Amino acid sequence: TQLLEQSPQFLSIQEGENLTVYCNSSSVFSSLQWYRQEPGEGPVLLVTVVTGGEVKKLKRLTFQFGDARKDSSLHITAAQPGDTGLYLCAVNYPSGGGADGLTFGKGTHLIIQP
Amino acid sequence: GAGVSQSPSNKVTEKGKDVELRCDPISGHTALYWYRQSLGQGLEFLIYFQGNSAPDKSGLPSDRFSAERTGGSVSTLTIQRTQQEDSAVYLCASSLWGEDTEAFFGQGTRLTVV
């Protein structure tokens, strides 16, 4: 059983469209991170959400942490080809201190076509 | 450099040979992580270090895999008697210790076993 379930696994849309990707779990987390990975590169942190119900905006990207701190969503408005990449959510176990390592979901492969 | 450095960037090896992958973390980062990423897949957690200690080695795929870290800095991941299924990109990340800290990734070592 995957600790983190990400959906959809693949998404290909036209430039200018909006999209939402999801990260879900049956476990409660104290915080959750979203990373973006481009081909040939390592993942890069986009945002950390720590409070249930929290919403953070990063330009055209809106991140939300569920009220119960079990799920999160990433919404992109007016997608651009530069948004293409693998979007990964990640958590540490509630035991904290990174004791069990930063665990990633399998990611959403996003392609924005011009 | 200021980032996480991994070497080699590419490695082609014959089945049955041993390989050693190196990771130079960001100076001062006490946490160091190794992940494996197969083509088009998410990140598979292998092992993490807090300083020189690896509390949990259960993420390593088999006893052919081992990792060490010395001086709280450089880490090496060794794969003995490589198999074709070991082919993947091996990513290293480092961070300060704590739940919400950002993990900084290297560009990875692409291992191909032929």
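Model, not experiment: these values are computed from the prediction. To find a chain, count down the sequence lines: A is the first, B the second, and so on, and within it residues start at 1.
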Q. Can you say whether Ala103(B) sits under 4.5 Å from chain A via the side chain, the backbone, both, or neither, judging by heavy atoms?
A. both
(Q) Strictly less than 4.5 Å between heavy atoms, which residues of residues 76-90 of chain A line up against chain B? Please order them by number. (A) Leu86(A), Leu88(A)
(Q) Report which part of Gln6(B) has an atom under 4.5 Å of a heavy atom belonging to chain A: side chain, backbone, both, or neither. (A) neither
Q. Chain A heavy atoms under 4.5 Å from Leu43(B): which part of the residue, side chain, backbone, both or neither?
A. both
Q: Give a yes or no answer on whether the side chain of His109(A) reaches the backbone of Leu11(A) with a donor-acceptor pair at less than 3.5 Å.
A: no
Q) Aromatic rings Phe105(B) and Phe104(A): how do their planes relate, parallel, tilted or perpendicular, breaks at 30° and 60°? A) perpendicular
Q | Check: Ser25(A) side chain, Lys70(A) main-chain N or O, donor-acceptor pair, under 3.5 Å | A | no
Q) Cut-off 3.5 Å, side chains only: do Gln107(B) and Glu41(A) have a donor facing an acceptor? A) yes
Q. When you check the side-chain N and O atoms of Gln33(A) and Tyr35(A), is any donor under 3.5 Å from an acceptor?
A. yes
(Q) Test question: given the 4.5 Å side-chain rule for I, L, V, M, F, W and Y, name all other residues clustered with Val12(B), or answer none. (A) Val114(B)
Q) When only heavy atoms count and the cut-off is under 4.5 Å, which of residues 70-79 of chain B reach chain A? A) none
Q.
Is Glu102(B) close to chain A through its backbone or its side chain, or both, or neither, when contacts mean heavy atoms under 4.5 Å?
A. both
Q: Sort Gln6(A) into side chain, backbone, both or neither according to what part of it lies under 4.5 angstrom from a heavy atom of chain B.
A: neither
Q. Looking only at atom types and distance, does a side-chain atom of Asp71(A) sit under 3.5 Å from a main-chain N or O of Cys23(A), one as donor and one as acceptor?
A. no
Q.
With a 3.5 Å distance limit and no angle check, can you tell me whether Arg69(B) reaches the backbone of Gly51(B) through a side-chain donor-acceptor pair?
A. yes
(Q) For Glu20(B), give me all partners under side-chain hydrogen bond (donor to acceptor under 3.5 Å, both in side chains), at least two apart in sequence or on another chain. (A) none
(Q) Taking Tyr90(B)'s backbone N and O only, do any of them form a donor-acceptor pair with Thr109(B)'s side chain (distance below 3.5 Å, no angle check)? (A) no
Q: Can you establish whether the number of heavy atoms outside Glu85(B) located under 6.0 Å from its atom CD is more than 12?
A: yes
Q: Would you kindly say whether His29(B) and Ser95(B) are connected by a side-chain donor-acceptor distance under 3.5 Å?
A: no
